[in-house]
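Written below as structure tokens is the structure these notes are about.
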Amino acid sequence: MTQLLRDDIRNVAIIAHVDHGKTTLVDQLLKQSGTFRANQQIQNVERIMDSNDLERERGITILAKNTAINYKGVKINIIDTPGHADFGGEVERVLKMADGVLLLVDAAEGPMPQTRFVLRKALSYNLKPLVVINKIDRPDARCVEVLNKVFDLFVELNATDEQLDFTVIYASGRDGFAKLALEDSHKDITPLLDAVLCHVPGPYCDPDAPLQMQITSLDFNDYVGRIGIGRIFAGTIHTGQHITRISRDNEHTVHKINTLYTFSGLGRQVINSAGAGDIVAITGIENLDISDTIASVENPQAMPRINIDEPTLSMIFSINNSPFSGRDGKYVTSRNLRERFSRELRSNVALRIEDTETPDAFCVSGRGLLHLSVLIENMRREGYELQVSKPKVILKDIHGEKAEPVEFVVIDVPKQYEGQVISMLGTRKGEMLSMDTDKDITHFEFKVPSRGLIGLRSRIMSATRGEAVIYHNFYDYEPYKGDIAHRVQGVLISMAAGVATAYALDGLQDRGIMFIKPGDPVYEGMIVGEHCEQNDITVNVIRAKKATNIRCATAEKGIKLPPAREFSLEMALEYIEDDELVEITPNAFRFRKKLLTENQRKITRRQQQSLETATTSGEKI
């Protein structure tokens, strides 16, 4: 079998931490390589690759995407990968299509937790790394120090001598230039493209070998059905060819390729054939799945399965059974949820869906809170109504010992807040790894149990008046750290259904912080605020002022209320406790108790107390 080097193609993935300028740099590569015509209208002038509305709103890449540019007669396939560890399923799949990686690092922030995560994956695939120190135009840039930290990170991740001899490019994605040395003059992005041609190897392949292609991404089109995207590792493929699909269960089925696409700019182009080393998309296989091998009919040979990191967090998704059910959404039944989850599993390989004891609820497991919250947000925008429980970590039994997921956490805070951060992480079983102070900013590195991070971000932001910067990603499974106390305050629970009044909310100001405004509809069992004490209490937020025909000195006095506390979806998921739910609809999300009536909650509390008493008595006997 003769391995030939294709010098007319380069397959490169771009990996980076969140907000280090990866997608902006891809914009410049597309624009300056002549991919767009001079008069071509581009829908998204900035962050062109972030085509998803949620990606553009949050400023992060969620889905891995393919594009291609032509430079000096060479086709460069560019794979834009997510920067957040919660979307590790996307990163792991697409890295298998690449021969090299561009590692983007912010010139001021340096390597961050997700930088470590994506780089570890790239090095494990033995990909050729090019380090891009981005945003060198920042006034607080420290390029030399950041480069030293990147080298230390390579050493820490056990990079080979060849990988340690990486090429460094200094760039500004926003201003559209790159250079090989800081003292060089800058003009355009071409030094980066030249470095890709020079240092990223072309694919080695055997065009005469039996066909081998592995599916790493999926798409769907109403007209052609499921579309499989992957790289051809051996042989050739052409339109109309009969192939063997080898599933992850080693099941062999024969299909016909209806259409073959290659990537060009931001779109796909229909082609008749493609060879080893090309990244293509195919149609005609109905049950195509991630990690499937497309092989020849005569000599089908399966490729090694793609291993995906297991989920670390789970939540219960159930139908919305609150009194407000069906007011906003189009999809409200368990059948609707099951169908939506089935569609999501076609492409979201890091997600796990399991049935529960009740037919109206599903256990959904993912890589982290952001991973699950993005799914919830997409479902909400599509018109689904649902309820979700408090996130819980997935425990494992390792060598007969209970183990839990642990996260690597990086926190940057002003020096005056050091004590609060250390105290908060200490109560959540955090282990400090390092602490450095530079220019009144203290840099912390911790190992913290994943369950200790639930609700941590909002509390740290409150304690530091919004000045903290916190990142984290999965580290490893370690022995169980013991119980962790979470929310201290109780909640205010509505005792009746109706519309909240300013008069009632004014009388409750001393009781705590409200989550609702005058005029908001409420129902019995809905959580309307946070109590200033540790216990939960029921309150009347619909009480109206009695109308009389007697005037008094304060009759015209206006009611002034503080603004209601607002929650993002992630903050809401972090806030709730075990006996609470977040009700999510297309137009709103609300907090509620699982048991809506106070009588039900009292009966449950008595039963739990009786059970605890019986258990304690049994242990004493």
Side-chain angles (χ1 to χ4, degrees), residues 3-17 20-23 25-26 28-30 33 49 61 64-83 90-105 111 115-134 147 150-151 153-154 157-171 173 178 180 189-205 214 216-217 229-233 263 275-280 306:
Q3 291 285 330
L4 302 177
L5 175 66
R6 287 191 62 178
D7 203 38
D8 62 334
I9 194 170
R10 298 290 188 276
N11 297 319
V12 60
I14 300 186
I15 59 178
H17 179 78
H20 277 199
K22 170 172 48 64
T23 307
L25 187 68
V26 174
Q28 294 295 337
L29 293 174
L30 289 168
S33 62
M49 293 290 285
T61 301
K65 305 177 189 67
N66 295 74
T67 186
I69 60 177
N70 286 287
Y71 179 69
K72 293 185 177 179
V74 177
K75 182 178 182 179
I76 303 177
N77 286 310
I78 299 174
I79 308 159
D80 188 15
T81 64
E90 295 278 335
V91 176
E92 291 170 89
R93 298 201 314 263
V94 299
L95 284 181
K96 203 165 184 187
M97 293 192 288
D99 297 302
V101 292
L102 296 180
L103 174 66
L104 258 71
V105 183
T115 311
R116 176 189 303 271
F117 169 80
V118 292
L119 180 59
R120 182 189 289 118
K121 298 296 181 185
L123 295 179
S124 67
Y125 284 118
N126 199 30
L127 301 179
K128 178 69 176 179
L130 275 69
V131 175
V132 181
I133 308 296
N134 195 29
L147 181 57
V150 171
F151 185 84
L153 180 59
F154 271 75
L157 296 177
N158 299 318
T160 64
D161 292 341
E162 184 180 357
Q163 289 170 334
L164 286 172
D165 188 23
F166 52 78
T167 302
V168 182
I169 300 103
Y170 301 94
L180 299 178
I189 207 76
T190 54
L192 175 57
L193 293 171
D194 291 331
V196 169
L197 297 188
C198 182
H199 298 287
V200 174
Y204 282 91
C205 52
Q214 190 160 40
T216 53
S217 296
I229 301 168
R231 172 174 166 173
I232 304 171
F233 288 89
F263 292 91
D278 283 318
I279 295 175
V280 296
I306 302 173

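Keep in mind the model is a prediction, meaning the values are calculated, not measured.
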Q.
One pair to check against side chain to side chain contact (heavy atoms under 4.5 Å, CB included): D194 and Y71. What are the steps and the verdict?
A. CA-CA 9 Å; D194 291 331; Y71 179 69; 2.7 Å; yes
Q: Step by step, work out the side chain to side chain contact (heavy atoms under 4.5 Å, CB included) result for V12 and N77.
A: CA-CA 6 Å; V12 60; N77 286 310; over 6 Å; no
Q | Trace of the side chain to side chain contact (heavy atoms under 4.5 Å, CB included) decision for F166 with V101 | A | CA-CA 11 Å; F166 52 78; V101 292; over 6 Å; no
Q: Show your working on side chain to side chain contact (heavy atoms under 4.5 Å, CB included) between L197 and I76 and close with a plain yes or no.
A: CA-CA 8 Å; L197 297 188; I76 303 177; 4.0 Å; yes
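Counting only heavy atoms from C-beta outward, the side chains of F151 and V131 never approach each other to under 4.5 Å. Residues I69 and L193 form a side-chain contact, since some pair of their non-hydrogen atoms from C-beta on lies under 4.5 Å apart. Contact of the I279 side chain with the I79 side chain is registered, since non-hydrogen atoms from C-beta on lie closer than 4.5 Å. Taking 4.5 Å as the limit, every side-chain heavy atom of Y204 sits out of range of all side-chain heavy atoms of D99. Residues F263 and I229 form a side-chain contact, since some pair of their non-hydrogen atoms from C-beta on lies under 4.5 Å apart.
Ion pair R10/D7 flagged as a salt bridge, since at least one NZ, NE, NH1 or NH2 atom sits closer than 4.0 Å to an Asp/Glu carboxylate oxygen.
With sequence neighbours left out, K128 forms a side-chain hydrogen bond (donor to acceptor under 3.5 Å, both in side chains) with no residue at all.
Heavy-atom minimum distance, I169 versus A178: CG2-CB, 3.8 Å. Closest non-hydrogen pair, A122 versus I15, comes out as CB-CD1, 4.0 Å. Taking all atoms of both residues into account, the shortest heavy-atom contact from L153 to P111 is CD2-CB, 3.9 Å.
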